[in-house]
4 protein chains.
Amino acid sequence: MSRAEATNRANPATPATTAGRPRSKRAHAAVLETTRELLSTLTYDQLSVDRIAAESGVSKRTIYRWWSNKAAIVMEAATATDIPAPDTGTLRGDLVALLVGIFDNVATHRPAQAIRGLLCEAQFDPAFAEDFRGYIGRRRQLCLEIVIRAAARHELRAGVQPEIVADLVYGAYWNRFLIGHAPLDRAFAEQVVDTLLAGIEPHG
Amino acid sequence: MSRAEATNRANPATPATTAGRPRSKRAHAAVLETTRELLSTLTYDQLSVDRIAAESGVSKRTIYRWWSNKAAIVMEAATATDIPAPDTGTLRGDLVALLVGIFDNVATHRPAQAIRGLLCEAQFDPAFAEDFRGYIGRRRQLCLEIVIRAAARHELRAGVQPEIVADLVYGAYWNRFLIGHAPLDRAFAEQVVDTLLAGIEPHG
Amino acid sequence: MSRAEATNRANPATPATTAGRPRSKRAHAAVLETTRELLSTLTYDQLSVDRIAAESGVSKRTIYRWWSNKAAIVMEAATATDIPAPDTGTLRGDLVALLVGIFDNVATHRPAQAIRGLLCEAQFDPAFAEDFRGYIGRRRQLCLEIVIRAAARHELRAGVQPEIVADLVYGAYWNRFLIGHAPLDRAFAEQVVDTLLAGIEPHG
Amino acid sequence: MSRAEATNRANPATPATTAGRPRSKRAHAAVLETTRELLSTLTYDQLSVDRIAAESGVSKRTIYRWWSNKAAIVMEAATATDIPAPDTGTLRGDLVALLVGIFDNVATHRPAQAIRGLLCEAQFDPAFAEDFRGYIGRRRQLCLEIVIRAAARHELRAGVQPEIVADLVYGAYWNRFLIGHAPLDRAFAEQVVDTLLAGIEPHG
DNA sequence: ATTTAATCGAGACGGTACGTCATGTCTTCGG
DNA sequence: CCGAAGACATGACGTACCGTCTCGATTAAAT
């Protein structure tokens, strides 16, 4: 299913099939592909619509006809690769796998780093923030499903709210990713999950 | 203790020679005060060095002599108010108070919202990121102290690492603050802390 | 014939491709008109590109797209009025009329004083100096034609080089104009021409 | 005898020997020497008071105490070398020698090229223009004396005004020097003088 | 076959901010 | 009082990116 439908100006519910020249698939693809290529060299802030237009051969006019701004383009271009939905059979295994999957994505897939820029844009552009939350919500869903599956296996303490768990799990990731005070590695994933599973106060 | 010492270009360890016209306290204060005033109306991205210069009556030349860019100014101007260090006597009380203190700070103190902008700048400016980590590290210290105090009171399960706890606690905050999918209120603080204390898997 | 073609960045010999938004005649005219207006109040050195942009409503970006600097703008704006080409029938009459025409131009037409600024810029900017020489060369042509016409009427002593005559005639003008030690009036024009015609040594 | 006394702010008629630290000869000499050194590498417009202060070790405050601006410094620094006063025994010889002397001065003595800058400053700074005219007037005197000497030898046609001759002779120089359309060489000097002596119309 | 209309490329445009530079003044300390 | 050091306000510089606009040329579905 396609992402970024709100800021992306077209994709009308009814294709309508009105008269006139149809949208060029070539231009659409070229913009996204060029954006991805540029993002494997440049950071989000170094990227510019001017540059995308120049490299892709698609005019700025056309770009702005279909995307409202740089953020919308990058949203569609850089969030194509999915984080795998883990299903290891245990809550611990799933959560660790989820985090490690996220870490690997940003570590190995250069354009995925553009998520930094998208988060930044979302801070000051309410319309884009809405879109961004939609994308983040879909990724968040992976965690919620893991927790709900765990509950069905009676691996969850009564009263635990999946939403809070998601905030804690993804929070740990965002925190280190954005602040950069410590690495995003498997050890971190395991420490986070173990701390979260057992809690921090003594019991029993 | 003073903040923002790295990107702030001067503040030499040794005042060294007393020769030369001394730095104008008026100009220094005017820049910071104007920045705070502007930030109670504008968002970080709407703020500009040009505007700060114009409103404060301090020349751009002088501003750039002492701060390397907008981020450095805002860092010094907007991070003056301290988050209170809670000491309620219990781990739960301290952590909830810490989070609520943070939430209140950004909710009631308009310029504190500029932390969004600072985090954004830190994403693409390594030098500033270092400074930003310094500031965040000092705030993070509050959490670490709470956890260490709790350990001394035997309120902490053996093997729990304070650093991981801090990542989880602040992560929950950053996550909701930056994504904005749900409110930052007392209920959230309590849910986060309770989940964290007891853990999410059943025990006993 | 149009002036200022070199530093003026566009005016391609071939309009070439018709693609793209055509150059705005409004913007072009507004820049030149505003420059002329400003030059009737300000001296060349008081003029700034910022000011031209502000008053004309043309963005600096656009100005710099078409002119390389202030000198190029003023060259095009302030050299529009032509010095009349005299043809009185005698060498003396023509030369006096030429000089008086030049004197009147700078005396009555305030923006024409900007020629001072253009000459200054030409001193340190080789590219602009080339353009400036082109413009000066076209004015110089007037004198050369006068001398050549006089030669045809046998009003010229054998061996006299028109180029040297031009250097002497215009030199007298530049000297007083730039140094300002004495006025540029008809009396001066006549004295210069009479001295030049008869020479300064006794003959016969 | 020293030049540039008007814009040069000190040199009071009465040294007065008032209280306080006396003016530093070292500072005075260092400014002029540094200016000359810089002018053998840089053009007038590339020179700055900041730079002179930095290289000479004299503070800007001190520089501005004694000179009103860059032009005044350069006036004093770069006009130290005198144009030789020729006395060959003939009018032709003197005038050619005068011009060749001027040409040689700017050709071989790099800082002498700064005269370009001084002339430019004089265009827009009336106070400096006055000073500049003083300096130019002293150089002009050389020509006037040549002409007057020639008159005493009956080498001058009756009615020829020395001032006009000076305007023509120096004008020819300034014209080529400032516009740069042709070289300043001995051939040019001779052509100018010969044309001037014999006039351009046929006689006898 | 001919309209019709939305698309496309190219690229100029106004706007706003950037960070740097030179000028001439001012403010301290020490000689 | 002078000199060195150097901070200061002013105001211009030329560049960059943004998002909008104006062209002539394409391209198909609807006539």
Side-chain angles (χ1 to χ4, degrees), chain A residues 10 16-24 26-27 45-51 53-54 56-70, chain B residues 10 16-24 26-28 45-51 53 56-66 68-70, chain C residues 10 17-24 26-28 45-51 53-54 56-66 68-70, chain D residues 18-24 26-28 45-51 53-54 56-70:
Chain A
T17 328
T18 49
R21 180 174 176 175
R23 179 173 181 183
S24 158
R26 195 212 124 263
D45 66 321
Q46 292 168 335
L47 191 72
S48 74
V49 176
D50 274 3
R51 186 93 186 258
S56 68
V58 175
S59 76
K60 283 174 68 180
R61 191 70 177 83
T62 299
I63 293 177
Y64 279 107
R65 205 194 313 272
W66 302 112
W67 293 277
S68 51
N69 48 37
K70 180 171 77 163
Chain B
T17 58
T18 43
R21 179 175 177 172
R23 179 174 181 184
S24 160
R26 194 214 121 260
H28 182 85
D45 66 321
Q46 291 167 336
L47 192 70
S48 73
V49 176
D50 273 5
R51 186 91 185 259
S56 68
V58 174
S59 75
K60 283 172 70 178
R61 191 71 184 80
T62 298
I63 293 177
Y64 281 108
R65 202 193 321 268
W66 300 112
S68 50
N69 49 37
K70 179 171 77 163
Chain C
T17 57
T18 44
R21 179 174 176 172
R23 180 173 181 185
S24 160
R26 195 213 123 261
H28 182 84
D45 66 321
Q46 291 167 336
L47 191 70
S48 74
V49 177
D50 273 6
R51 187 90 185 262
S56 68
V58 174
S59 75
K60 284 172 70 178
R61 191 67 186 82
T62 297
I63 293 177
Y64 281 109
R65 203 193 319 271
W66 300 112
S68 50
N69 49 37
K70 179 171 77 162
Chain D
T18 49
R21 180 173 177 175
R23 179 173 181 184
S24 158
R26 194 212 124 264
H28 182 85
D45 66 322
Q46 292 167 336
L47 191 72
S48 74
V49 176
D50 274 4
R51 187 92 185 259
S56 68
V58 175
S59 75
K60 283 172 67 179
R61 190 71 179 84
T62 299
I63 294 177
Y64 279 107
R65 206 191 315 271
W66 302 111
W67 292 275
S68 52
N69 48 38
K70 180 170 78 164

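Only heavy atoms go into these numbers, but all of them, side chains included; no hydrogens, no water, no symmetry mates. The structure displayed is predicted, hence computed values, not measured ones. Lettering of chains follows the sequences in order, A, B, ..., and the numbering in each one begins at 1.
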Which atom of D:V49 lies closest to which atom of D:K70, heavy atoms considered: CG2-CB, 3.9 Å
Shortest non-hydrogen separation from B:S24 to B:A27 and the atoms involved: OG-N, 2.9 Å
DNA chain E: 5'-proximal contact among B:R51 and C:V58 (nearest heavy atom): C:V58
Please tell me which of B:P22 and C:S24 maps to the more 5' nucleotide of DNA chain E, matching each residue to the nucleotide holding its nearest heavy atom. C:S24
Nucleotide of [options] approaching [X] most closely (side-chain heavy atoms):
X	options	value
D:V49	E:dG19, F:dT20, E:dT23	E:dT23
B:R61	F:dC2, E:dT20, E:dC21	E:dC21
A:W66	F:dA9, E:dT7, F:dC18	E:dT7
C:A27	E:dT23, E:dC18, E:dG14	E:dG14
D:T62	F:dA4, E:dG14, E:dG24	F:dA4
C:R23	F:dC18, E:dA12, F:dA9	E:dA12
C:D50	F:dC13, F:dG3, E:dT25	F:dC13
A:S59	F:dG14, F:dA9, E:dG9	E:dG9

Is it the case that the side chain of B:K60 and the backbone of B:A53 share a donor-acceptor pair, with hydrogens and angles ignored and the cut-off at 3.5 Å? no
Taking atom [atom2] of [N] as reference, at what distance in whole Å does atom [atom1] of [X] sit?
X	N	atom1	atom2	answer
B:Y64	F:dC13	OH	C1'	14 Å
B:H28	F:dA9	NE2	P	14 Å
C:Q46	F:dT10	CD	C1'	15 Å
B:N69	E:dT20	CG	P	10 Å
D:R65	F:dC1	CZ	C1'	8 Å
B:I63	E:dC21	CD1	P	17 Å
A:W67	F:dT20	CH2	P	15 Å

Between atom CZ of C:R61 and atom CH2 of C:W66, what is the distance when rounded to the nearest 0.5 Å? 11.0 Å
Can you find an N or O donor on one side and an acceptor on the other, under 3.5 Å apart, linking the side chain of D:K60 with the base of E:dG24? yes
For F:dC8, does the base pair up with any side-chain atom of B:R21 as donor and acceptor (N or O, under 3.5 Å, distance only)? no
With a 4.5 Å limit on heavy-atom distance, are the side chains of C:H28 and C:V58 in contact? no
Side-chain N or O of A:R26 less than 4.0 angstrom from OP1 or OP2 on E:dG9? yes
